[in-house]
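Given the structure is predicted, the values throughout are model-derived calculations rather than measurements. Letters A, B, ... are given to chains in the order of the sequence lines, protein chains preceding strands, and every chain is numbered from 1.
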Amino acid sequence: MSEEKSLNFLEEIVESDLATGKHKAILTRFPPEPNGYLHVGHAKSICLNFGLAKKYNGKTNLRFDDTNPVTEDTEYVDSIKEDIHWLGFEWENELYASDYFEQIYQFAVQLIGKGLAYVDDSSSEEIAAQKGTPTQAGTDNTFRSRSIEDNLRLFEEMRAGKYADGAKVLRAKIDMASPNMLMRDPIIYRIKHAHHHRTGDNWCIYPMYDFAHGQSDSIEKITHSICTLEFIPHRPMYEWFIEQLGIFPSKQYEFARLNMTYTVMSKRKLLQLVNDGHVNGWDDPRMPTISAMRRKGYTPESIREFCEKIGVARRENLIDIGLLEFCVREHLNRIALRRMVVFDPLKLVITSYPEAETEMFRCEDNPENPDGSYREVPFSRELYIEKDDFMEVPSKKYFRLAPGQMVRLKSAYIIKCDEVIKDENGNITELRCTHLPETKSGNDTSGIHVKGTLHWVSVAHAVHTELRLYERLFKAENVADAEGDFKENINPDSLQVIATAYAEPALKTAKFDERYQFLRKGYFCLDKDSNEEKIIFNRTVTLKDGWAKENKKVSIT
RNA sequence: UGGGUUAUGGUGUAAUGGUAGCACAACAGAUUUUGAUUCUGUUUGUCUAGGUUCGAAUCCUAGUAACCCAACCA
């Protein structure tokens, strides 16, 4: 009894196209512009394009949309390729729109020959003015009626470098009165005497998106060209060019881009965060980029699962970032190695425990994954526990340590708090406790049940580490809708560094490809800034904290 | 007073004229040597107004709201 998962609208289209024989196989493409790093919104598109092809035994090309040399760079090309691979996808061909520059140029010549394109000498302002407004038709200018011969010669001269940037453009001759602003004789070629990261100085004219994207799709025989909603008005143009050129009829389909609470998703804004130093680079773990998520400890599996869960549709959406966190917790819970780390230490002395003794306790690596794997954790007379695991005057429902109260130390003994030591200012500096030897983990013969279990680290064996705790980068749930500039909504407390935390010895040999759960605290991974002297961990995500919620309720009532 | 697109619980997403389902969130409880995980249960929805029909989220009519379009960006 398998539950059929319903298809999204694109899967329906593909199944129909395959069923009717319109296509024998499907070919999709992922078309990033190499002018920034990929973010989780791109991950949605990647999962869609590669996932759709995979599901229906098709293929996907990676094609860089590199038609604007002034903003693009190979640095971005490299990062994009790395991110796609990391997410777990393989492209059929690595291609570039710039590979087709000569072909696209010939397409333009073809259009001119048919009297469907013309060279316009107008300035950018003039062109804008002649374009009209949404409620007012545009007007034809005199260049519109240039002869085919003149247009052919002028366009050739543009290519030859005879004119300065902005002196002339090539425009498609469509309809200056179209209700669709984009159809009012769109510019298809502009002059840019700029060095291109792949074609070097071969060209000084470059095609616009609308005269490169559909053409590239067609050249590659892409069957389903999937893009976001804002390209809907471009579709008539996409189809017009393909029809006039008489080339392979790729079809464009649009879906709603991903928006997420407490974050921004536009490359422009992300670039600004980087350039203005609000974050430390594209892979700062607070960023929504793929590289940042990787550094923060997210797994490809969890991102793919997230993209699966959010679905694909054509309506605007604002996804709760909590769903992303749910997905990564779900995966990390299964694979993360359990370790104990004390963030904010309070010294605890077990007066009943021999001073010179050290016991090794066997602790499971992951209770969810009972493969028997475990590590040894040293226990001794002096330990660290978390400050907030002790309350001198416990509130209702607090079942951690308090004077006269008992708790279990995870994988060790049940202890009882006998005495609270304070300094001259009344600050608690140390706890004196006694342990119950018969409650030893695994051999508990006491029959005693305690409600609280604490993590701990032996003082003498503690490994000093740095912890980087990340919160949401923005304070506003819907950053786009929030008042003022988006930067005014940056959360000033998005990064908290704990310079010295105390970790159990097993973390001395932490590895980059492993994921850890610091018991009762959260999921962590080794940061690339770690070195011989300093071990640094990033918090991927906290554990769900039922006590924090309960505590809030208690303090309100 | 232009064109295009979209409206289903708090957030997403199904139901293709026939029991409004699923996930996250929230809430309540059970289990727990992680206040985690796991398990059980509960609350909350078809933009509005008419119409067609035995029956409408779905079809029709009229509204309303939101988003996109006037870069030599993609």
Side-chain angles (χ1 to χ4, degrees), chain A residues 3 5-8 12 31-33 35 65-68 70-72 120 123-124 127-129 131-138 165-171 178-184 187-192 205-206 208-210 212-213 227-236 254 256 261 267-268 308-320 322-327 329-330 333-334 338 340 363-364 367-368 397-400 407-412 414 439 441-442 444 449-455 517-522 542-551:
Chain A
E3 265 179 50
K5 195 175 178 298
S6 54
L7 304 176
N8 66 45
E12 281 179 1
E33 184 188 11
N35 68 346
D65 229 330
D66 56 349
T67 58
N68 186 2
V70 301
T71 59
E72 296 156 7
D120 192 335
S123 70
S124 148
I127 288 174
K131 201 147 206 167
T133 69
T135 53
Q136 250 180 319
D165 288 9
K168 285 178 167 48
V169 291
L170 183 71
R171 289 230 252 170
S178 171
N180 180 347
M181 298 288 291
L182 294 167
M183 294 292 272
R184 323 245 258 227
I187 293 169
I188 58 178
Y189 259 96
R190 76 287 216 196
I191 301 170
K192 272 182 196 282
I205 58 171
Y206 293 92
M208 298 284 287
Y209 166 85
D210 288 301
H213 199 97
C227 60
T228 47
L229 253 29
E230 64 268 29
F231 289 97
I232 290 173
H234 294 247
R235 191 179 345 123
E254 311 87 9
T261 55
K267 274 200 262 184
R268 200 197 98 245
E308 188 62 38
K309 276 185 156 52
I310 59 178
V312 180
R314 278 168 71 88
R315 47 179 172 261
E316 294 290 334
N317 59 77
L318 182 62
I319 307 285
D320 186 345
L323 183 61
L324 216 207
E325 294 171 347
F326 167 83
C327 291
R329 283 192 188 107
E330 188 182 47
N333 179 49
R334 279 184 275 131
R338 310 293 132 121
M340 294 197 284
C363 305
E364 57 199 343
E368 307 293 324
K397 293 188 181 175
Y398 185 83
F399 44 87
R400 301 179 186 176
V407 294
R408 174 170 292 280
L409 294 176
K410 175 72 180 175
S411 301
I414 290 177
T439 61
S441 188
D444 191 331
H449 287 280
V450 291
K451 277 201 266 185
T453 300
L454 310 185
H455 62 281
Q517 184 199 94
F518 293 176
L519 241 52
R520 306 205 298 138
K521 286 299 197 177
T542 60
L543 251 31
K544 256 172 71 180
D545 192 348
W547 167 242
K549 234 187 302 188
E550 186 65 35
N551 199 21

Going 5' to 3' through nucleotides 32-45 of chain B and flagging B where a protein heavy-atom sits under 4.0 Å of the base, S where only the sugar-phosphate is that close, and - otherwise, we get -BBBBB--------
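Distance, A:Met183 CE to B:A70 P: 15 Å, rounded to whole Å. Summarising the geometry, the separation between NZ on A:Lys549 and C1' on B:C27 is reported as 9 Å, rounded to the nearest angstrom. Atom CD1 in A:Ile232 sits about 7 Å away from atom P in B:U5, given to the nearest Å. The nearest whole Å value for the distance from the CG atom in A:Asn8 to the C1' atom in B:A15 is 15 Å. A:Glu254 has its CD atom 15 Å from the C1' atom of B:A74, to the nearest Å. Distance A:Asp210 CG to B:A71 P: 13 Å, rounded to the nearest Å.
Between B:A56 and B:U46, the two P atoms lie 15 Å apart (nearest whole Å). Nucleotides B:A74 and B:C69 are separated by 15 Å at their C1' atoms, to the nearest Å. Separation of the P atoms belonging to B:C47 and B:U53 is 23 Å when rounded to the nearest angstrom. Taking atom C1' on both B:U38 and B:U33, the two are 16 Å apart, rounded to the nearest angstrom. Taking atom P in both B:U43 and B:G35, one finds a spacing of 30 Å when rounded to whole Å. B:A14 and B:C54: their C1' atoms are spaced 26 Å apart (whole Å). Taking the C1' atom of each, B:A23 and B:A15 are spaced 15 Å apart, rounded to whole Å. Taking atom C1' on both nucleotides, B:G10 is separated from B:C27 by 13 Å, rounded to a whole Å.
Within the shown strands, B:U64 is the pairing partner of B:A7 under the Watson-Crick or G-U definition, both distances less than 3.5 Å. Within the shown strands, nothing qualifies as a pairing partner of B:G17 under the Watson-Crick or G-U definition with both distances less than 3.5 Å. With both pairing distances under 3.5 Å, B:G35 is matched to nothing as a Watson-Crick or G-U wobble pair. If you check B:U1 for Watson-Crick or wobble pairing at under 3.5 angstrom, you find it has no partner at all. Base pairing annotation: B:U40 forms a Watson-Crick or G-U wobble pair with B:A28, both donor-acceptor distances under 3.5 Å. Pairing for B:A74 is absent, with no Watson-Crick or G-U wobble pair whose two atom distances lie under 3.5 Å.
Residue A:Ala212 comes nearest to A:Thr67 through the heavy atom pair CB-CG2, 3.6 Å, listed as atom of the first residue, atom of the second, then distance. Residues A:Lys309 and A:Cys327 approach most closely at CD-SG, 3.7 Å, considering heavy atoms. Contact record, A:Ile232 with A:Pro236: O-CD, 3.6 Å, taken as the closest heavy-atom pair. Of all heavy-atom pairs spanning A:Asp120 and A:Arg171, the tightest one is OD2-NH2, 3.1 Å. When all heavy atoms of A:Lys192 and A:Asn68 are compared, the pair lying nearest together is CE-OD1, 3.5 Å. Scanning all heavy atoms of the two residues, the minimum distance from A:Arg315 to A:Ala256 falls at O-CB, 3.1 Å.
Close to B:C73, at under 4.0 Å from its OP1 or OP2, lies a side-chain N or O of A:Arg190. Close to B:C22, at under 4.0 Å from its OP1 or OP2, lies no side-chain N or O of A:Lys309. Proximity of A:Arg315 to the phosphate of B:A7: a side-chain N or O atom is located under 4.0 Å from OP1 or OP2. Between B:G3 and A:Arg235, no contact under 4.0 Å exists linking OP1 or OP2 to a side-chain N or O.
Using a 4.0 Å heavy-atom criterion, one finds that A:His234 contacts the bases of the nucleic acid, with or without backbone contacts as well. Residue A:Lys267 is classed as having no contact, given no heavy-atom separation below 4.0 Å to the nucleic acid. If you check every strand for non-hydrogen atoms under 4.0 Å, A:Thr67 touches sugar and phosphate atoms only. In this structure, A:Tyr209 reaches the bases: a heavy-atom distance under 4.0 Å links it to at least one base atom across the strands shown. At the heavy-atom level, A:Tyr189 lies nowhere under 4.0 Å from the strands shown. Using a 4.0 Å heavy-atom cutoff across all strands shown, A:Leu318 reaches sugar-phosphate atoms only and no base atom.
When distances run from any side-chain atom of A:Ala128 to the nucleotides B:A71, B:A23, B:G2, the shortest one goes to B:A71. The nucleotide whose nearest atom lies closest to any side-chain atom of A:Met181 is, among B:G12, B:G4, B:G2, B:G2. Closest to the side chain of A:Thr133, from the set B:A70, B:A7, B:C24, is B:A70. Candidate nucleotides B:U8, B:C69, B:A74 were compared by shortest atom distance to the side chain of A:Phe231, and B:A74 ranks first. Listed nucleotides B:C67, B:G2, B:C69 differ in distance to A:Glu316; the shortest reach to its side chain belongs to B:C67. Nearest nucleotide to the side chain of A:Asp320, out of B:U11, B:U6, B:C72: B:U11. Listed nucleotides B:C73, B:G12, B:A70 differ in distance to A:Lys192; the shortest reach to its side chain belongs to B:C73.
Taking 4.0 Å as the cut-off between side-chain N and carboxylate O, A:Arg408 and A:Asp444 count as a salt-bridged pair. Contact check on A:Glu550 versus A:Lys397 returns a salt bridge, with a Lys/Arg side-chain nitrogen under 4.0 Å from an Asp/Glu carboxylate oxygen.
A side-chain N or O of A:Thr71 and one of A:Glu33 form a donor-acceptor pair less than 3.5 Å apart.
Comparing A:Asp65 and A:Leu182 against RNA chain B, the residue whose closest nucleotide sits nearer the 5' end is A:Leu182. If A:Ile310 and A:Asn35 are placed on RNA chain B by their nearest nucleotide, the residue sitting closer to the 5' end is A:Ile310.
Between A:Tyr209 and A:Phe231, the ring planes are tilted. Angles from 30° to 60° get that label.
With sequence neighbours left out, the side-chain contact (heavy atoms from CB on, under 4.5 Å) criterion links A:Asn8 to A:Leu10, A:Glu11, A:Val312.
For B:A57, the base is anti relative to its sugar; the glycosidic angle deviates from 0 by more than 90°.
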